**Student:** 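I have a structure here, written as structure tokens, and I will follow up with some questions on it.
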Amino acid sequence: MPEIWKRPMERMLEYGLTNKQIAHIMDRIPPEYIKEYLNPVLYRINSEISSGDHIKMKRNKGQHSVILIKEALGLKFNIWQKEQSDEIN
């Protein structure tokens, strides 16, 4: 694994994503886009989990994280398309 993925991967694990979900994201987001696109979403997830927003929405950390990543990066990086949603979501 490239060094640039180490911290984002650790953070995604902390936020409740599975190894399979993380691998799927890593396959879709080129490393040069981590700082510009993925990191801001991870900061948002951290903020919302820290404040308990996910609990107010009746979601666990993993569900909340997947939803935010899907909303923010889904179309741009082809994450969780319809045919994959049953398998990964």
Side-chain angles (χ1 to χ4, degrees):
M1 166 183 25
E3 186 66 28
I4 193 163
W5 272 109
K6 186 175 180 173
R7 184 63 184 136
M9 187 179 111
E10 290 170 354
R11 291 169 68 200
M12 288 187 281
L13 283 170
E14 290 171 22
Y15 303 153
L17 276 77
T18 66
N19 286 326
K20 187 174 181 178
Q21 291 168 329
I22 293 168
H24 186 77
I25 291 167
M26 290 173 68
D27 285 345
R28 302 264 178 316
I29 299 177
E32 62 268 20
Y33 291 112
I34 291 172
K35 286 183 181 179
E36 183 178 357
Y37 293 102
L38 182 59
N39 282 347
V41 177
L42 295 178
Y43 286 121
R44 179 179 170 199
I45 291 168
N46 183 56
S47 174
E48 291 189 13
I49 287 174
S50 295
S51 67
D53 288 348
H54 66 294
I55 295 169
K56 295 173 192 170
M57 296 178 185
K58 298 182 177 163
R59 300 176 182 158
N60 66 40
K61 291 189 310 186
Q63 291 168 329
H64 191 69
S65 300
V66 167
I67 289 168
L68 293 182
I69 290 170
K70 185 178 179 179
E71 287 174 356
L73 306 175
L75 291 176
K76 181 162 190 67
F77 295 105
N78 208 21
I79 297 174
W80 283 286
Q81 284 193 338
K82 188 175 181 177
E83 68 270 9
Q84 297 163 337
S85 63
D86 294 334
E87 188 176 305
I88 296 172
N89 237 346

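Because the structure is predicted, anything quoted here is derived from the model rather than measured.
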**Student:** Is there a side-chain contact between H54 and Q63 (heavy atoms, below 4.5 Å)?
**Tutor:** no
**Student:** Sort out for me which residue in R44, R59, K61 forms a side chain to side chain contact (heavy atoms under 4.5 Å, CB included) with I49.
**Tutor:** K61
**Student:** Determine whether M12 and W5 make a side-chain contact, defined as any pair of heavy atoms from C-beta on separated by less than 4.5 Å.
**Tutor:** yes
**Student:** Please answer: with hydrophobic residues joined when any side-chain heavy atoms are less than 4.5 Å apart, are I45 and Y43 in the same cluster?
**Tutor:** no
**Student:** How far does NZ of K70 sit from CG of L75, to the nearest 0.5 angstrom?
**Tutor:** 10.0 Å
**Student:** In chain order, what residues pass the side chain to side chain contact (heavy atoms under 4.5 Å, CB included) check against K6, with sequence neighbours excluded?
**Tutor:** E3, E10
**Student:** For the residue pair L17 and I69, establish whether any side-chain heavy-atom pair is separated by less than 4.5 Å.
**Tutor:** yes
**Student:** Contact between H64 and I67 at the side-chain level, heavy atoms closer than 4.5 Å - yes or no?
**Tutor:** no
**Student:** Mind listing the closest non-hydrogen atom pair of I4 and P8 along with its distance?
**Tutor:** O-CD, 3.3 Å
**Student:** Side chains of R7 and R11: closer than 4.5 Å at any heavy-atom pair?
**Tutor:** yes
**Student:** To the nearest 0.5 Å, what is the distance between CG (N46) and CD (E14)?
**Tutor:** 8.0 Å
**Student:** Answer yes or no: is there a side-chain heavy-atom contact under 4.5 Å between L73 and K76?
**Tutor:** no
**Student:** Among M26, H24, K20, exactly one meets side chain to side chain contact (heavy atoms under 4.5 Å, CB included) together with I22. Which residue is that?
**Tutor:** M26
**Student:** Atom CG in L13, atom CD in Q21: separation rounded to 0.5 Å?
**Tutor:** 10.0 Å
**Student:** Determine all donor-acceptor pairs shorter than 3.5 Å in which one atom belongs to a side chain in residues 29-38; sequence neighbours excluded.
**Tutor:**
none

